[in-house]
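Below is one structure, written out as structure tokens; comments come after it.
So that the names make sense, note that chain A is the first sequence line, chain B the second, and so on, each numbered from 1.
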Amino acid sequence: MNKRDFKKQEKKWQAVWEKQGWYKAVDSDKTKKKKYVLVEFPYPSGEGLHVGHAFSMTGADVYARFCRMSGFNVLFPMGWDAFGLPTENYAIKTGIQPQLATKNNTDNFRRQMKKLAFSFDWEREVNTTDPDYYAWTQWIFIQLFKKGLAYKEEKPINWCPSCKIGLANEEVINGKCERCGAETGKKNLSQWIVKITDYADRLASGLEKTVFIQKVKAAQINWIGRSTGARIKFKVQSAKLKIKELEVFTTRPDTLWGATFLVVAPEHPLVAELLSSKLKAQSSKLKEIREYIKTSQGKSELERAELEKEKNGVFSGVYALNPVNNEKIPVWISDFALISYGTGAIMAVPAHDSRDHAFAKKYELPIIPVVKPSRKWDFSQKPYEDVDHGKMINSGPINGLKPQEAIKKTIKLLVEKKAGKRAVDYHLRDWIFSRQHYWGEPIPMIDCSKCGWVPVDEADLPIRLPEVEKYEPTDTGESPLANIKDWVETTCPECGGKARRETDTMPNWAGSDWYYLAYCFANKLKKSQITNHKEQTNLKYQISNKKNLDTCNLKLGTSQDIFSQSKNILSYWLPVDVYLGGDEHNTLHLLYSRFIYQFLGDLGVIPKSIPEPYYWRLSHGVILGTDNRRMSKSHGNTVEPDRLWRKYGVDVLRTYMMFMGPFEGTIAWNDNALKGVVRFLDRFYSFVLENKVKNTSKVGFDSLEVKVAISRLVKKVTTDLSTCRFNTSIAALMKFLNQAEKKKWQMNNEQMGKLIKLLAPFAPYLSEELWEVIGGRGSVHASAWPKIEEKHLKEENITIAIQVNGRLRGTIAVKSEKLKVKSEVEKQARKEPKVAKYLKGKKIVKTIFVPGRLINFVVK
RNA sequence: GCCGUGGUGCUGGAACAGGUAGACAGGUAGGUCUCAAAAACCUAUGGUGCGAAAGCCCCGUGUGGGUUCGAUUCCCACCCACGGCACCA
């Protein structure tokens with residue numbers, strides 16, 4: 001047994017690869033087909049790569065290597081999504097600049113990735129926190145603003161009263177602040193909002209042009225949540241109120257005759273007007289309403305959830321008219337109506353909705369059935385919710401119709417009366433784009449008392465993050481940038497008057513929205529840096545004034561932005577052919593970046609002929625620790641890749657991760673099972689070395705058996721790799737090795753070369769070493785992938801199963817040229833003694849013959 | 001509650017288009033080597049029953065039905081687990 005010294009081999013090849021340069025993608029190479037393989041770029045945390053990173057990136061790397069060897073011009077880049085809270089918190093705690101911490105962390109990540117032999121094109125590395133990168137993130141925002149897709153609005157955000165900071169939903173764990181554990185509340189802050197809802201339909205329909213796996217498509221469509229129905233206007237029965245009608249959204253306009261009351265959200269304008277008006281007659285009512293609003297606002301999200309289904313509300317004292325039958329129905333106020341969805345007002349149909357039903361019973365409101373079920377139904381006990389099945393009743397002109405027809409007719413009726421129309425609504429909300437943190441891209445906007453919100457002059461980009469002394473947010477909840485007077489105070493780009501900068505920064509998603517585009521023209525990004533370094537370093541922060549114009553080289557002397565300049569390169573590389581990442585990004589990141597892509601397409605700065613940025617999205621599974629829970633620091637069940645590759649070597653770690661289960665499935669980590677891979681690679685190594693030794697007892701390389709086995713293996717590994725079924729590829733390699741050892745197969749250099757190539761994507765170091773051993777030319781990773789040779793596959797004997805009445809009773813070996821001849825196979829099958837036993841004395845009713853598979857006798 | 005994914009030996013998992021269920025690996029048991037152990041290698045390994053043995057019968061892919069010559073795979077109903085969303089009108 002030859003013991004392989006993986007440490008020595010890794011060191012040796014690491015040096016060679018570093019010297020000869022890593023893998024480069026060639027822009028616009030017409031001699032090869034392109035393949036853009038993208039894996040989500042990591043947030044470079046202080047802890048370094050974890051197993052999850054290693055797992056998904058290994059999968060991507062194996063695929064990229066396979067494509068490269070198969071003759072593709074492969075773009076396989078890597079970068080850093082480096083803005084983020086952990087780095088900011090680290091800065092708050094230690095006072096160390098985030099820029100510095102980021103540098104250390106990315107250096108560490110890069111070193112680890114090289115160690116793991118990920119074949120990234122390092123010349124295309126990008127970092128979202130580089131000013132020359134975020135200049136364009138800011139530029140995109142300005143375009144959104146110019147197209148009316150970004151606006152400022154007061155919105156409630158999660159607020160930690162102890163940290164005095166706004167929190168993202170992800171930072172609120174069970175109603176408590178992730179950092180300090182204090183109970184969080186809501187606070188109204190003026191925020192930048194991006195109108196992603198304008199793109200809702202296209203974000204849904206664009207999916208048809210992709211081959212995302214089903215669950216990703218479903219997640220996107222659910223998140224967008226399109227529902228069709230109608231908007232219906234109810235006239236308000238009050239002469240004194242300014243609001244003359246209430247508009248509701250419903251998906252079931254056909255049940256309009258069953259609407260016995262309306263519900264408005266506490267934040268609805270009607271409520272505000274009621275409280276401000278001085279309607280004396282209703283003063284007692286007003287008090288009640290005030291109390292209800294107060295308790296509703298006092299409720300935290302947690303409390304609301306705890307209340308489960310028990311709904312509370314209060315009568316507003318106002319009535320409205322049902323437009324189809326002029327019935328007078330009461331308007332209630334309750335927080336189960338949401339101001340953020342639909343119109344903030346709903347019509348309640350207690351006979352056919354369980355929530356409305358419970359509410360009606362509690363407050364003794366009438367329940368009128370309008371869809372008659374086929375079964376007997378007690379409407380006072382429970383609602384009939386299966387409204388698609390039944391017949392309309394109690395509904396005037398639409399009585400007797402089926403519900404789907406009733407919907408159409410009702411809408412027609414409403415349109416005639418000018419009381420409603422068809423409408424579509426979405427679950428998707430507009431995107432809150434402001435963060436009150438330091439470590440993010442400054443939003444490039446200026447607030448002028450005369451001109452309002454004005455974007456920064458594009459020539460002044462990037463608006464750099466100024467250095468601050470303290471990274472904590474201010475007492476008012478603004479970002480620490482607000483404390484820097486000479487940064488905040490500036491002049492208006494429009495009128496030249498005094499103005500103030502926006503101090504909010506962008507969310508994490510902003511930088512990752514377009515990073516896959518940046519990889520394509522990463523070399524240009526560097527050139528688009530501000531060139532006059534001398535002047536730049538003298539400035540404490542870059543301030544937006546005309547003086548600075550000359551120092552900016554963003555536009556490279558042309559009037560074009562970087563996307564337009566790169567159109568040819570983009571149309572060569574796009575779309576991303578395979579995008580690998582985690583489930584956690586299947587909704588937000590994927591949706592946001594698709595939105596930005598479609599938006600840039602509309603702007604005309606990227607090729608419009610490619611409608612979607614990602615063609616095939618594949619999401620890898622979650623890794624479970626040995627306790628069968630998701631691997632995470634808080635569970636204390638993590639495995640550090642460092643420890644494993646030091647002990648077993650990179651090849652073992654990579655091959656094991658790919659072998660332990662299907663790439664898309666949930667993966668259970670089991671250190672023990674690593675042993676199997678260690679044995680396999682050791683044996684593989686020995687097999688190649690010992691093959692050179694002439695031994696007369698071996699089966700020669702010219703034997704059909706060996707040829708067939710290799711052809712089979714090539715076919716299996718090739719087809720499996722092209723669909724990212726890594727685990728079965730490795731199993732096939734193992735099976736081949738078992739056979740080759742047992743049967744003492746002798747192989748020639750060409751055959752051995754094929755075998756080594758098949759292993760190369762998984763175990764780059766070992767295969768490179770063995771390639772050298774057999775005298776292969778150049779690097780195995782630059783060699784051509786073996787071709788599938790059908791010729792040998794046709795020459796083998798095939799085992800055919802023989803069934804009697806569908807039960808397996810025996811097998812026979814059939815020469816492949818006779819495979820397709822039924823009579824031939826049948827004759828041979830009848831002779832088989834095990835089968836004859838079952839056929840004796842029976843009558844064969846039918847014979848089913850599947851060429852190459854089986855023959856089945858149906859007997860009586 | 002809704003959406004999605006899945007349920008196969010002791011364990012991780014195979015089975016590509018309805019056609020030999022359990023590939024490949026771990027574990028376990030027995031063996032070889034060794035003073036001994038580790039490592040390595042060899043053999044066996046879904047369950048029950050019959051047989052001295054070669055071998056043979058039956059059962060078996062969450063549960064219950066169905067379609068079919070034949071079902072882990074397709075259809076219907078249900079149970080369970082995981083992931084996502086959740087007062088969405």
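Counting only heavy atoms from C-beta on, A/Arg853 has its side chain closest to B/G19 among B/A25, B/G19, B/C87. Checking B/A14, B/A89, B/C87 against the side-chain heavy atoms of A/Pro662 singles out B/A14 as nearest. In this structure, of B/U43, B/C87, B/G27, it is B/C87 that holds the atom nearest to the side chain of A/Phe336. Ranking B/G19, B/A23, B/A25 by closeness to the A/Arg683 side chain, first place goes to B/A25. When distances run from any side-chain atom of A/Arg809 to the nucleotides B/C24, B/C87, B/C58, the shortest one goes to B/C58. Minimum atom distance to the side chain of A/Lys837 is reached by B/C57, of the listed B/C57, B/G19, B/C41. Which of B/U20, B/G4, B/G19 sits closest to the side chain of A/Val850 comes down to B/G19.
Rounded to whole Å, the separation between the P atoms of B/G18 and B/G84 comes to 31 Å. Taking the P atoms as reference points, B/C42 lies 13 Å from B/C24, given to the whole Å. A distance of about 15 Å separates the C1' atoms of B/U61 and B/A23, rounded to the whole Å. Nucleotides B/A38 and B/G27, compared at atom P, are 13 Å apart to the nearest Å. For the P atoms, the distance linking B/A17 with B/G7 amounts to 15 Å, nearest Å. B/U28 and B/A39 have their P atoms separated by 10 Å, given to the nearest Å. On the C1' atoms, B/C2 is 23 Å away from B/C75, given to the nearest whole Å. Annotation: B/C78 and B/G9 have their P atoms spaced 25 Å apart (nearest Å).
For the pair A/Trp669 CH2 and B/A25 C1', the interatomic distance rounds to 15 Å; values are reported in whole Å. In this entry the distance linking CZ of A/Arg226 with P of B/C3 reads 19 Å, nearest Å. Atom CD1 of A/Ile848 is separated from atom P of B/A71 by 12 Å (rounded to the nearest Å). B/G13 atom P lies 15 Å from atom CE of A/Met734, rounded to whole Å. Note: CD1 (A/Ile623) to P (B/G13) measures 12 Å, nearest angstrom. The nearest whole Å value for the distance from the CG atom in A/Leu681 to the P atom in B/C24 is 17 Å. When rounded to the nearest whole Å, the span between CD1 of A/Ile844 and C1' of B/C69 equals 13 Å. Nucleotide B/C24 holds its C1' atom 16 Å from the CZ atom of A/Arg712, rounded to whole Å.
Nucleic acid contact class of A/Ala337 (heavy atoms, under 4.0 Å, all strands): base. Residue-level contact check: A/Asn727 touches the backbone only, with heavy atoms under 4.0 Å from sugar-phosphate atoms and none from bases. No engagement by A/Arg231 is indicated, since no non-hydrogen atom pair under 4.0 Å with the nucleic acid exists. Within the 4.0 angstrom heavy-atom criterion, only backbone atoms of the sugar-phosphate kind lie near A/Asn222; the bases stay farther away.
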Can you tabulate the close N/O pairs, meaning under 3.5 Å, that link protein atoms to atoms of nucleotides 5-12 of chain B?
residue, atom, partner, partner atom, Å
B/G12, O2', A/Met660, O, 2.9

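Residue A/Asn856 places no side-chain N or O under 4.0 Å from the OP1 or OP2 atom of B/G19. Contact annotation: A/Arg355 does not reach the phosphate of B/A89 (side-chain N/O to OP1 or OP2, under 4.0 Å). A sub-4.0 Å separation between OP1 or OP2 of B/A25 and a side-chain N or O of A/Asn738 is present. Using a 4.0 Å cut-off, some side-chain N or O of A/Tyr838 falls inside it from OP1 or OP2 of B/C57. The side chain of A/Lys834 contributes an N or O atom lying less than 4.0 Å from OP1 or OP2 of B/C56. Contact between the side-chain N/O atoms of A/Lys675 and the OP1/OP2 oxygens of B/G27 is found at a separation under 4.0 Å. For A/Arg807, a side-chain nitrogen or oxygen approaches OP1 or OP2 of B/C59 to under 4.0 Å.
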Open item on the list: Run A/Trp669 and A/Tyr656 through ring pair (Phe, Tyr, Trp, His ring centres under 6.0 Å) and show every step you take.
Closed with: CA-CA 10 Å; A/Trp669 188 269; A/Tyr656 171 63; 5.2 Å; yes
TODO: With side chain to side chain donor-acceptor pair (under 3.5 Å) as the test, would you mind laying out the steps for A/Arg429 and A/Ser340 before giving the verdict?
DONE: CA-CA 8 Å; A/Arg429 306 291 155 82; A/Ser340 51; 3.1 Å; yes
Task: Verdict with supporting geometry, A/Phe249 and A/Thr251, side chain to side chain contact (heavy atoms under 4.5 Å, CB included) - done: CA-CA 7 Å; A/Phe249 174 72; A/Thr251 53; 4.2 Å; yes
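The partner of B/C74 is B/G66, by the rule that a Watson-Crick or G-U pair needs both atom distances under 3.5 Å. Base pairing analysis places B/A39 opposite nothing; no Watson-Crick or G-U wobble pair with both distances below 3.5 Å involves it. Nucleotide B/G27 forms a Watson-Crick or G-U wobble pair with B/U45, both donor-acceptor distances falling under 3.5 Å. The pairing partner recorded for B/A14 is none, the criterion being a Watson-Crick or G-U wobble arrangement whose two distances lie under 3.5 angstrom. The nucleotide B/C87 finds no pairing partner, because no Watson-Crick or G-U wobble arrangement with both distances shorter than 3.5 Å includes it.
Within a 6.0 Å radius of NZ in A/Lys361, more than 12 heavy atoms belonging to other residues, nucleotides or ligands are found.
Between A/Ala801 and A/Tyr426, it is A/Ala801 whose nearest contact on RNA chain B lies nearer the 5' terminus. The residue among A/Val678 and A/Lys735 whose nearest nucleotide of RNA chain B lies closer to the 5′ end is A/Lys735.
In this structure, A/Arg809 is positioned above the aromatic face of A/Tyr838, its NZ or CZ under 6.0 Å from the six-membered ring centre and within 45° of the axis. For the pair A/Arg617 and A/Tyr579, the cation-pi test (distance below 6.0 Å, angle within 45°) is passed.
Taking the six-membered ring for Trp and the full ring otherwise, the centers of A/Phe212 and A/Trp616 sit at least 6.0 Å from each other. Centroid-to-centroid, the aromatic rings of A/Phe261 and A/Phe359 come within less than 6.0 Å. You'll find the ring centres of A/Phe379 and A/His352 inside the 6.0 Å limit.
Here the side chain of A/Asn805 pairs a donor or acceptor atom with the backbone of A/Val859 at under 3.5 angstrom.
Note that CZ of A/Phe55 is 7.0 Å distant from NE2 of A/His620, once rounded to the nearest 0.5 Å.
Base orientation of B/G9: syn (glycosidic angle within 90° of 0).
The base of B/G19 sits with one of its N or O atoms less than 3.5 Å from a complementary donor or acceptor on the side chain of A/Gln803.
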